Amino acid sequence: MTDTKKLIEPRLPRGFEDRLPGEIAAVDQMLATIKRVFERYGFDPLETPLFEYTETLGKFLPDTDRPNEGVFSLQDDDEQWLSLRYDLTAPLARYFAQNYDRLPKPFRSYRQGLVFRNEKPGPGRFRQFMQFDADTVGAAGPEADAEMCMMMADTMDALGLAGKYVVKVNNRKFWDGALDALGVAHDRRLTVLRAVDKLDRVGIDGVTELLGKGRKDESGDFTIGAELDEAAIWVVTELLRANDFDVQMDDINYFSLALAADSRLSINAIFREGVEELRQISRLVVASNYKNDRIRIDYSVVRGLEYYTGPVFEIELTFEVKNEKGQPVVFGSVGGGGRYDGLVSRFRNEPVPATGFSIGVSRLAQALKLTGNLGAETPVGPVVVLVMDRDQTARYQAMVSELRSAGIRTEMYLGPSGMNAQMKYANRRNAPAVVIEGSHEREQDLVTIKDMIAGAEAAKAFTDHAEMKAARPAQFNAPRSGLVEAVKRVLATEGVK
RNA sequence: GCCGCCUUAGCUCAGUUGGUUAGAGCACUAGAUUGUGGAUCUAGGGGUCCCCCGUUCAAGCCGGGGAGGCGGUACCA
């Protein structure tokens, strides 16, 4: 064996991450909380596969100006194209259409799972991540939309985020109607909506630039503007300035707002419809005692561009988080949704109204970890039975079996290492206790149990390593027959379940 | 897509004017210690100096090209 083997570098594709025990435990807990809230609202679980036919995922994606990007696709052996799902809504639309005849309508379902996007990852953005969605299909009224908003708010409260988030609500008809009334050409409207969406990032002045000639940011990248005329820019920015967060939502007089901005808006049917829907959602939400510190109207919310047809929602965290370097980070949206009346109509000839929202589980978990709302510490490991004498492994294995039968996570040390290494192993495993039976104990039919948590605590009192070793803190002898009971006692003292 | 920064051991980094077999600290594996976690000492494992081409007697170092990583921006279902 003189030739050197070509080694493969162990690495992950960018935008993908391993999930460690601490993360898994924390996210599982989050998921259970979200499920509880959704089920309380009457939603049922549904699971669809990771792959769908590419045509099923549909024309809402990829973006019209960048086709075939953003999705992981492969060809089946019958040459049909399959894609990994990039959200949980398109698969639901497929499922609903496929099982239309036997589903109750309206159909309420929630889904949780991984979705994939083939695009450049960034901080807090991955190519594989988890979403948690709820949707009501087949209900057209604003009641369904209002319910979504309230459920989002309740979910955030249940996750321990009361007072740290806000659900923002807008309506696509609001801007569609306003731009219609102002005579903005259809090919400019996307640009206008994108500009409006950037309000919290670039401010009202930045939006003004984007509505006009365009804007150059600090990185030197130039964003082409919408080239609106002065009057139209004034109306759009005036509407954005009219975001009034201090009054109860149903107190806002939308029509006087429209008249003040531009009288053309108040006679536009779509604009009026959008405003009326917002007002109805407001009334429903306020009647259920959700105040505007939890749910509020915000005209800068736009969401996806080719997807939503009515109300749109967004959950935003309102506190500042710090990254690993201690710098403040804007976390922004951790979820959102809206009404998408057109999605199911790809599969059926009749219109099917639908509304729903999606929580970015991975993103939300990351935000919670940074604020300490979510435990990031390594979970407690198993009890470790040390192998003091290699020819006695049958005895050690018997102890392990006894402890396991009593429901205690236990393992026997595997390998030829000395006791020192075994203790290091137990330490790294976060073991709450170790069981020691050497010849001394065996002669007297005893075992030694060491409480690793108390032991670590006690060791801090020593400055001298040799002294600490001699003291052997936090350990005691128990009769071999009382092994299980003794270990249970240690676990109970340390609060280990 | 566009802009910027970066790339030498698992991690953080040294590496002289271009000069033999590329180093340190930490981390890792073990021993010293019938049999005790963090200390100390000792030993050991670990490298395509991101890749390719060029200049040169000689390249980790100089020149050109490329790849990858990070950050911003654009897009975001």
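Naming convention: chains lettered A, B, ... in sequence-line order (proteins, then strands); numbering from 1 in each chain. Remember, it's a predicted structure, so these values are computed and weren't measured experimentally.
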With C1' as the reference atom in both, quote the distance from B/C49 to B/G18 in angstrom, rounded to an integer.
15 Å
Expressed as a whole number of angstroms, how long is the span from A/Lys216:NZ to B/C2:C1'?
11 Å
Distance check, C1' atoms only: B/C3 and B/A74, in whole angstrom units.
11 Å
Taking atom P in both B/C2 and B/G66, what distance in whole Å separates the two?
12 Å
For A/Arg194 and B/A74, what is the distance between atoms CZ and P respectively, to the nearest whole Å?
11 Å
Using nucleotides 33-36 of chain B, report all nitrogen or oxygen pairs with the protein that are shorter than 3.5 Å.
from, atom 1, to, atom 2, distance (Å)
B/U33, O2, A/Lys469, NZ, 2.9
B/U33, N3, A/Lys469, NZ, 3.2
B/G35, O2', A/Arg472, NH2, 3.4
B/G35, O6, A/Ser439, N, 3.2
B/G35, O6, A/His440, N, 2.9
B/G35, O6, A/Glu441, OE1, 2.8
B/G35, N1, A/Glu441, OE1, 2.7
B/G35, N1, A/Glu441, OE2, 2.9
B/G35, N2, A/Glu441, OE2, 2.9
B/U36, O2, A/Lys450, NZ, 3.3
B/U36, O2, A/Gln475, OE1, 3.3
B/U36, N3, A/Gln475, OE1, 2.9
B/U36, N3, A/Gln475, NE2, 3.2
B/U36, O4, A/Gln475, NE2, 2.6

Check ion pair A/Glu47-A/Arg111 (N to O, under 4.0 angstrom)
no
Gap between atoms CZ and P, on A/Arg303 and B/C75 respectively (whole Å)
14 Å
If you measure from the Lys or Arg side-chain nitrogens to the Asp or Glu carboxylate oxygens, is any gap between A/Asp389 and A/Arg442 under 4.0 Å?
yes
Nearest-Å distance, CD1 (A/Ile224) to C1' (B/C75)?
13 Å
Nearest-Å distance once atom C1' is located in both B/A30 and B/G46
15 Å
Searching all strands shown, indicate the nucleotide that pairs with B/C2 (Watson-Crick or G-U wobble; both distances under 3.5 Å).
B/G72
Nucleotide B/C76, atom C1' - distance to CG of A/Asp87 in whole Å
11 Å
Test for a donor-acceptor pair under 3.5 Å between the base of B/G72 and the side chain of A/Lys120, counting only N and O atoms.
yes
Should A/Glu411 and A/Arg429 count as an ion pair when the cut-off is N to O under 4.0 Å?
yes
Looking at A/Lys173 and A/Glu277, is there a salt bridge between them, counting it only when a charged N and a carboxylate O are closer than 4.0 Å?
yes
Please state how far atom CZ in A/Arg125 lies from atom P in B/G71, giving the value in whole angstrom units.
13 Å
P gap between B/C13 and B/U20, integer Å
26 Å
A/Arg339 and A/Asp341 ion-paired at < 4.0 Å
yes
Who pairs with B/G60 - Watson-Crick or G-U, where each distance is under 3.5 Å
none
Please tell me if A/Arg117 has a side-chain N or O lying less than 4.0 Å from either OP1 or OP2 of B/C75.
no
Starting at atom CG of A/Leu193, determine the distance to atom P of B/C75, rounded to an integer number of angstrom.
12 Å
Atom P, compared across B/C50 and B/A14: separation rounded to whole Å:
14 Å
Both distances under 3.5 Å, Watson-Crick or G-U wobble: report the partner of B/G25, or none.
B/C11
Less than 4.5 Å apart, any side-chain heavy atom of A/Phe347 and any of A/Ser345?
no
Base, sugar-phosphate or nothing for A/Asp451? Non-hydrogen atoms, less than 4.0 Å.
base
A/Glu147 and A/Arg108 ion-paired at < 4.0 Å:
yes
Between A/Arg14 and A/Glu119, which has a closest nucleotide on RNA chain B that is more 5'?
A/Arg14
What's the gap between B/G47 and B/A22 when it is taken at their C1' atoms, as a whole Å value?
9 Å
Return the value, rounded to whole Å, for the distance between atom CG of A/Leu190 and atom P of B/C75.
10 Å
With a cut-off of 6.0 Å (strictly less than), are more than 12 heavy atoms of other residues, nucleotides or ligands near CD1 of A/Ile224?
no
Could you tell me how far B/G65 sits from B/C11 if I compare only their P atoms? Round to whole Å.
29 Å
NA contact type, A/Tyr425, heavy-atom cut-off 4.0 Å: base, sugar-phosphate, or nothing?
nothing
Using a strict threshold of under 4.0 Å (side-chain N to carboxylate O), is an ion pair present between A/Arg296 and A/Glu316?
no
With both distances under 3.5 Å as the test, what is the Watson-Crick or G-U wobble partner of B/G31?
B/C41
pair_partner(B/U17), Watson-Crick or wobble, both distances < 3.5 Å, evaluates to none
